[in-house]
There are 2 protein chains.
Amino acid sequence: MAEAKSNKVNMKTLAKVLNVSIATISKALRDSHDIGEETKQRVIETAKLLHYVPNPYASSLRKRSSNTIAIIIPEIADSFFSQAINGIESIVGQEKYHALIYLTHDSYEREAQMFADLSSGRVDGVIMSVASNTKEIRHIQELQQAGVPIVFFDRVCEDIPTAKIKTDDFNSAYMATKHLLEQGCKNISLVTIEGYPSILQAREGGYKKALTEHQVKHKEQNIISCSNKYNQENIAFLKEHIDKIKPDGIIATVEHLATTTYLACEELKLNIPNDIKVVCFTNQITAAILNPPLTTVLQPAYDMGRKAAELLFGHLAGKPIQLEKENITLPSKLVVRDSTRAGD
Amino acid sequence: MAEAKSNKVNMKTLAKVLNVSIATISKALRDSHDIGEETKQRVIETAKLLHYVPNPYASSLRKRSSNTIAIIIPEIADSFFSQAINGIESIVGQEKYHALIYLTHDSYEREAQMFADLSSGRVDGVIMSVASNTKEIRHIQELQQAGVPIVFFDRVCEDIPTAKIKTDDFNSAYMATKHLLEQGCKNISLVTIEGYPSILQAREGGYKKALTEHQVKHKEQNIISCSNKYNQENIAFLKEHIDKIKPDGIIATVEHLATTTYLACEELKLNIPNDIKVVCFTNQITAAILNPPLTTVLQPAYDMGRKAAELLFGHLAGKPIQLEKENITLPSKLVVRDSTRAGD
DNA sequence: ACGGTTTAAGTAAACGTTTAAGCAAATAAA
DNA sequence: TTTATTTGCTTAAACGTTTACTTAAACCGT
């Protein structure tokens, strides 16, 4: 078998070997019908033989498009986001695109910095979940005005006219709260984190609606905002809250708050579900084997990622998709387990 | 404030505006001392004013280096890998590099495909954990011979002479097994997954060493290979094993096997730790709140990722680092919890 | 005043593609 | 037979940088 030269083989090499012009090589490889069938075959064969791989940067420069997208998310050590990435990746790979990953760590400054960089044309599109403390959205607007399509998922930015893939935060918080009420809770706290205006509002809204429907008066003090990190301070902060408010039900709105809540209850010697019932928004498979098994709001992470990617790639492929018209909501599912079973 | 033009601003634009040559712009921005201090300032100022961002593809093409690395891992919905990515990212961001992410889903074919693509010069380096069914390593060798530095972490490929960041699989399996033996187990099963020759061998070795030291004869039937997916079949498969072998201790070697094991035991009405003790290699924070809290081998995921990135970037920056000499082992930690407490 | 060095620029080629435009030969249409 | 069209290929410019080389002026020592 013929071996590839150790020095880079490019179109020039192929052209020389086959004694045709570089243009012929390029067109043959892109299956242009400028080129005769026989020549095409010879080019393709030789390219394979010499292990020719096109230089993506030359191609991107010339075509002014990169076959690359950016995935911008707050963090990655979170089952929701990692599952969403799986969904995105299922399309990216199939479309022969490449994905750059950027973690904002929930910092607006980093997010803005990343967007500034992307205005260079580095990517053909962006799939993102905004940072929790992003209030100013100029960086996003500017990239969009520069012609880079953006698709939001989960933590969307309502003020940007583009595709948004959400889950039914309002309704699932409503269902979760209703469930707690039906299990006998009278004093339910909503444990949330700083920022995320749109998600927060939706979940808070659903929570309040359920309370109202059950003639329970909502008290502001029942909503507590933790920092978006899993750490000892949050546990202490939550313990203090529980100690003071004595809730008999807790809705934890992000994944890592499940552990925080369980540990806080344990330290306070509160029994779940007898003393206090807990439901959490999380996709962790371990929910089923917790002590006790945790009632969860299971978000369609994979499907959200996948749908976001489908829209972006559909748009990039020139399909008649008006991103700003796409406002998709995929349902979350309340999975009831022992952490909310009615006591005796 | 002057607004950026809506059409792309490049060096030509700046050159025209400042009435200097393109070369001057380029040199000024790279702080060459070919250029006078005053001119440099004018260039930098104008670039900022017009929101100039260099085209990375033109730059990569010309410089034949991309300021981009590839992260190639089997999967991402796994706390070990996502934490490792956090570690990698902590360096990537700081070095102003970009990270392309590729998921092999443990498929050799996909992995080989990705490597073929990377031979185009798309990335300056690779950080990877090999797929479980990768036996043939030509794709890796070829990329390396093409001059792309590769750093392995966790699931390394022993036959490639380059940097490897591992954790002490042998020793931590040894410690875990010893711990189970000391807690009174006499019949310990090792639950593992297909593939991963080097990791598997190390963990199996540590497991056997502990058994031998405690005069327990090892039986091949005590090692069970599941598929590397969290699903119902694996639970059934493990149940069958437990039912047949009746182990009083289980060492689960990858994260998702924790849930599999717990559910299998639950379905078999086996009490952990009284009937059977369990320890699992996992980094999930929920380990502490499982029923019962799970004894884990906690791997230094973040540090492994970070170290891998440090080596790669050190090498790329031209520091005198001989990658093939770097064979680093970071310690895992056995975190003892109730799933292995001695019964009464 | 003269050669030599330093400073601060500019010129132009190169990186590897893609593609508009051109052209000769073959084929079809008249 | 002549004219148009198609086929199959080539030429050359362009994408936006970087950089080796050139140049012109200024400065400096003798």
Side-chain angles (χ1 to χ4, degrees), chain A residues 5 7-44 46-47 50-68 117-124 146-147, chain B residues 5 7-44 46-47 50-68 117-124 146-147:
Chain A
K5 299 265 184 57
N7 24 9
K8 281 270 165 288
V9 25
N10 53 25
M11 290 191 167
K12 205 161 158 187
T13 319
L14 296 184
K16 211 161 281 173
V17 168
L18 290 170
N19 205 36
V20 295
S21 75
I22 292 179
T24 301
I25 303 292
S26 177
K27 289 181 183 169
L29 292 174
R30 335 190 85 240
D31 203 22
S32 154
H33 38 206
D34 260 17
I35 306 298
E37 210 43 59
E38 196 224 11
T39 311
K40 269 185 199 170
Q41 288 313 318
R42 288 201 308 141
V43 170
I44 290 168
T46 310
L50 301 186
H51 290 79
Y52 168 68
V53 184
N55 181 309
Y57 298 129
S59 178
S60 294
L61 175 60
R62 175 60 228 239
K63 292 200 299 181
R64 307 166 132 276
S65 86
S66 61
N67 266 241
T68 303
D117 176 276
L118 294 184
S119 72
S120 63
R122 191 182 290 277
V123 298
D124 297 344
Chain B
K5 298 263 181 59
N7 25 10
K8 281 270 166 289
V9 24
N10 52 26
M11 289 190 168
K12 205 161 157 188
T13 319
L14 296 184
K16 210 161 282 172
V17 168
L18 290 170
N19 205 35
V20 296
S21 75
I22 292 180
T24 301
I25 302 292
S26 177
K27 291 180 188 168
L29 292 174
R30 335 191 86 240
D31 203 22
S32 154
H33 38 205
D34 261 17
I35 306 297
E37 210 42 61
E38 195 224 10
T39 310
K40 270 186 198 169
Q41 289 312 318
R42 289 202 309 141
V43 171
I44 289 167
T46 309
L50 300 187
H51 291 76
Y52 168 69
V53 183
N55 181 310
Y57 297 130
S59 178
S60 295
L61 176 60
R62 174 63 227 234
K63 292 201 297 180
R64 307 166 131 277
S65 86
S66 61
N67 266 242
T68 303
D117 176 276
L118 293 185
S119 72
S120 63
R122 190 183 291 278
V123 297
D124 298 343

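Everything numeric here is computed off the predicted structure, so don't read it as measured data. Every chain is numbered from 1 and lettered A, B, ... according to where its sequence line falls, protein lines coming before strand lines.
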**Request:** Let me see the working for A:Tyr52 and A:Ile25 under side-chain contact (heavy atoms from CB on, under 4.5 Å), right down to the final yes or no.
**Result:** CA-CA 11 Å; A:Tyr52 168 68; A:Ile25 303 292; 5.7 Å; no
**Asked** Between B:Tyr57 and A:Arg62, is a side-chain contact (heavy atoms from CB on, under 4.5 Å) present by the stated rule, with each step listed?
**Response** CA-CA 9 Å; B:Tyr57 297 130; A:Arg62 175 60 228 239; over 6 Å; no
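Closest heavy-atom contact between B:Ala15 and B:Ser21: CB-C, 3.9 Å.
The salt bridge (charged side-chain N to carboxylate O under 4.0 Å, His left out) analysis of residues 23-36 of chain A, with sequence neighbours excluded, yields the pairs A:Lys27-A:Asp34, A:Asp31-A:Lys40.
One distance of note links CG of B:Asn10 with OG of A:Ser120; it measures 12.5 Å at 0.5 Å rounding. A distance of 9.0 Å separates NZ in A:Lys8 from CG in A:Asn55, rounded to the nearest 0.5 Å. How far CG of B:Leu18 is from OG1 of B:Thr46: 4.0 Å, rounded to the nearest 0.5 Å. One finds the OG1 atom of B:Thr39 at 9.0 Å from the CD atom of B:Glu37 (value rounded to the nearest 0.5 Å). Once rounded to the nearest 0.5 Å, the distance linking CZ of A:Arg64 with CG of A:Asp124 reads 12.0 Å.
Proximity of A:Ser26 to the phosphate of C:dT18: a side-chain N or O atom is located under 4.0 Å from OP1 or OP2.
Taking the C1' atoms of five terminal pairs at each end of the helix from C:dA1-D:dT30 to C:dA30-D:dT1, the two resulting helix axes are inclined by 50°, rounded to 10°.
B:Asn19 has its CG atom 12 Å from the P atom of C:dA9, to the nearest Å. Atom CD1 in A:Ile22 sits roughly 16 Å away from atom C1' in C:dA20 (whole-Å rounding).
Contact annotation for A:Lys27: base contact, defined as any heavy-atom pair under 4.0 Å involving a base atom. Residue contacts shown for B:Pro54 are limited to sugar-phosphate atoms, with no base heavy atom under 4.0 Å away.
Test A:Asn19, A:Leu29, A:Ile35, A:Leu14 against A:Thr24 for side chain to side chain contact (heavy atoms under 4.5 Å, CB included) and you get one pass: A:Ile35.
When atom types are taken as modelled, the side chain of B:Ser66 and the backbone of B:Arg122 share a donor-acceptor pair closer than 3.5 angstrom.
Considering only residues two or more places apart in sequence or on other chains, B:Arg42 meets the salt bridge (charged side-chain N to carboxylate O under 4.0 Å, His left out) condition with none of them.
Within residues 28-38 of chain B, the residues having any heavy atom under 4.0 Å from DNA chain D are, by residue number, B:Arg30. The stretch residues 59-67 of chain B touches DNA chain D through B:Ser59, B:Arg62, B:Lys63, each having a heavy atom under 4.0 angstrom from the strand.
Close approach of DNA chain D to chain A, defined as any atom under 4.0 Å from a non-hydrogen atom of the protein, starts and stops at D:dG8 to D:dG16.
The 5' end of DNA chain C is approached more closely, in terms of each residue's nearest nucleotide, by A:Ala58 than by the other of A:Ala23 and A:Ala58.
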